[in-house]
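Written below as structure tokens is the structure these notes are about.
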Amino acid sequence: MNESVVHRTIEGIWRIESAKIIAVLACLVRDVGLAEDLAQDALIAALERWPETGIPDYPGAWLMITAKRRAIDHLRRNKQRDRKYEELGWEIDRQYEPDWDAALNDPVGDDLLHLIFTTCHPVLSAEARVALTLRLLGGLTTEEIASAFLVPEATVAQRIVRAKRTLAAAHVPFELPPKAELAARISSVLEVIYLMFNEGYAASSGGSWIRPLLCDEALRLGRVLAEIAPDEPVVHGLVALMEIQSSRFRARVSRSGEPILLMDQNRALWDHLLIRRGLAAIERAERLGRAFGPYLIQASIAACHAHARTSSETDWVRISALYDALSQVAPSPVVDLNRAVALSMAFGPDVGLEVVDALQQETSLKNYHLLPSVRGDFLVKLGRKQEACAEFKRAAALARNEKERELLLRRASECAAGS
């Protein structure tokens, strides 16, 4: 295996394991920024050693043990170390052979939950909470986070650095909030989980259109939150949305990894167990009898698709009405763009095009590839293929995901050939 292949493999392993490693280290050292630095030390060690020694049989365990040793070394050097950490350090040193199975099966679930509430602490701004948590728990790069937020990469980088400094200066405890504070703290946590899931569902960059492991982690965290906050409809709404969206994974890409759009998917491949779980979560949220929030409305939109046996049976009029409601409770240009798609399906592409054209001057969508992509789709349906070709090319130039860029260029070529 050549060095470049090893480095790509290490990067993939790191994407999977980094959140667990950082969470365990944060529990040990009680400093989120320091935990990330120590985890990065373990990653650097892997990048230095594995190209020569090969990928170990248990790479996640190797990284975890190496990171823990870095943490123990740090705590030994700290003048304020206590007896517990000292004894733990000597115990690890006495091990002749690392216990790989124990490292793999370490119960880190609680640590991950503690970490997400720590990084979403009210001492941070809402933007900083989301950026930091996506960085540490989602393993996203600053570029990917910037794409999700539609803001410059430098802005996200500054938010993350300042957030870590603020948490350290405020001595934020690495623990779940008291029950009385839970409801107030949960909204920012849900926002993070939502964006984490979205990045996995349609990756903003890279060579794969989807990142199922990221979605799985977001869904797992959402389910845990639903258990500890059973009376919060907003939690059940988000869980419902993620359950139903996750049901489509097997149908979202071809065997070669090419994207398959919703209307072209083989619905027989959808996971009906996840759909039933999602519908049950919608019912739980509705039984609580409070106003519908944005996650529950989006879950209801997803449920409309799930109920349709074929794409032609989709109730687009109801979906349009739900997007109208969503634009009222959570107004944003992206919601308006999705609403335009629903309106075009319900009432014709000319109606959708009118909404999209009104969004052309929206500053936040200036570099958003889906705006010209959607406009190109409407133009194709209206028979204006030459204009559609230009829109698809513009969308491809803006797209950061390789698979999505290939799809857009293919659509542009089809328009050019048919014009």
Side-chain angles (χ1 to χ4, degrees), residues 18-40 67 71 74-75 78 80 108-142 144-146 148-149 151 155-199 214 217-232 234-235 237-239 293-295:
S18 61
K20 291 182 285 186
I21 294 170
I22 293 169
V24 169
L25 295 180
C27 185
L28 281 173
V29 302
R30 301 287 161 170
D31 184 320
V32 169
L34 176 59
E36 186 185 17
D37 290 342
L38 294 168
Q40 288 287 338
H74 171 83
L75 291 166
N78 192 319
Q80 298 179 1
V108 297
D110 288 344
D111 289 332
L112 283 169
L113 198 60
H114 293 169
L115 178 59
I116 197 169
F117 270 97
T118 300
T119 57
C120 292
H121 196 277
V123 72
L124 302 175
S125 69
E127 295 82 4
R129 297 173 209 169
V130 177
L132 181 61
T133 309
L134 285 173
R135 180 77 181 91
L136 298 185
L137 277 98
L140 274 65
T141 64
T142 53
E144 289 169 336
I145 299 169
F149 277 115
V151 297
T155 301
V156 173
Q158 290 173 356
R159 288 175 184 172
I160 291 171
V161 170
R162 290 171 183 166
K164 288 189 285 190
R165 289 175 180 168
T166 300
L167 289 175
H171 303 289
V172 171
F174 188 76
E175 61 189 17
L176 291 177
K179 189 174 182 179
E181 300 177 14
L182 189 60
R185 294 275 300 278
I186 216 160
S187 62
S188 61
V189 174
L190 294 178
E191 184 180 359
V192 168
I193 293 174
Y194 176 68
L195 285 173
M196 187 187 303
F197 182 87
N198 282 349
E199 177 59 31
L214 191 53
E217 184 59 26
L219 181 53
R220 188 193 69 80
L221 288 170
R223 288 170 177 168
V224 172
L225 285 175
E227 291 296 323
I228 66 172
D231 297 327
E232 293 295 328
V234 65
V235 177
L238 180 55
V239 170
Y295 302 129

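Of all non-hydrogen atoms in L38 and H74, the two that sit nearest each other are CD2-CB, 4.4 Å. Counting all heavy atoms, side chain and backbone alike, I186 lies closest to A229 at CD1-CB, 3.6 Å. Here the closest heavy-atom approach between residue T118 and residue P173 is recorded as OG1-O, 3.5 Å.
Residues L132 and L167 form a side-chain contact, since some pair of their non-hydrogen atoms from C-beta on lies under 4.5 Å apart. A 4.5 Å side-chain heavy-atom check between V235 and Y295 finds every atom pair outside the cut-off. In this structure the side chain of S18 never reaches within 4.5 angstrom of the side chain of Q40, judged on heavy atoms. V151 is listed as a side-chain neighbour of R159, based on a closest heavy-atom distance under 4.5 Å. Put simply, the side chain of I160 reaches to within 4.5 Å of the side chain of I145, judged on heavy atoms.
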Between L221 and L137, does the side chain to side chain contact (heavy atoms under 4.5 Å, CB included) criterion hold? Intermediate values first, please.
CA-CA 10 Å; L221 288 170; L137 277 98; 4.0 Å; yes
For F117 and L225: C-alpha separation, side-chain torsions, deciding distance, then whether side chain to side chain contact (heavy atoms under 4.5 Å, CB included) applies.
CA-CA 11 Å; F117 270 97; L225 285 175; 3.6 Å; yes
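Remark: side-chain polar atoms of T119 are paired, donor with acceptor, to backbone N or O of I116 under 3.5 angstrom. Judged by distance alone, the side chain of R223 and the main-chain N or O of V239 form no donor-acceptor pair under 3.5 Å.
Partner of R135 under the salt bridge (Lys or Arg N to Asp or Glu O under 4.0 Å) criterion, out of E144, E36, E199: E36 alone.
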Donor-acceptor pairs under 3.5 angstrom involving side-chain atoms of residues 187-194: please list them, not counting sequence neighbours.
residue : atom : partner : partner atom : Å
S188    : OG   : C120    : O            : 3.4
S188    : OG   : R185    : O            : 3.3
Y194    : OH   : Q298    : OE1          : 2.7
Y194    : OH   : Q298    : NE2          : 3.4

Identify each donor-acceptor pair in which a side-chain atom of residues 22-29 lies under 3.5 Å from a protein atom, sequence neighbours left out, and give them as a table.
none

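With sequence neighbours excluded, no residue forms a salt bridge (charged side-chain N to carboxylate O under 4.0 Å, His left out) with R162. Judged as a side chain to side chain donor-acceptor pair (under 3.5 Å), and not counting sequence neighbours, the contacts of T142 are E153. Listed by chain and number, the residues in a side chain to side chain donor-acceptor pair (under 3.5 Å) with E217 are R220 (sequence neighbours excluded). When the side chain to side chain donor-acceptor pair (under 3.5 Å) test is applied to E232, no partner is found at least two apart in sequence or on another chain.
Between the CD atom of E127 and the OG1 atom of T155 there is a distance of 10.5 Å, given to the nearest 0.5 Å.
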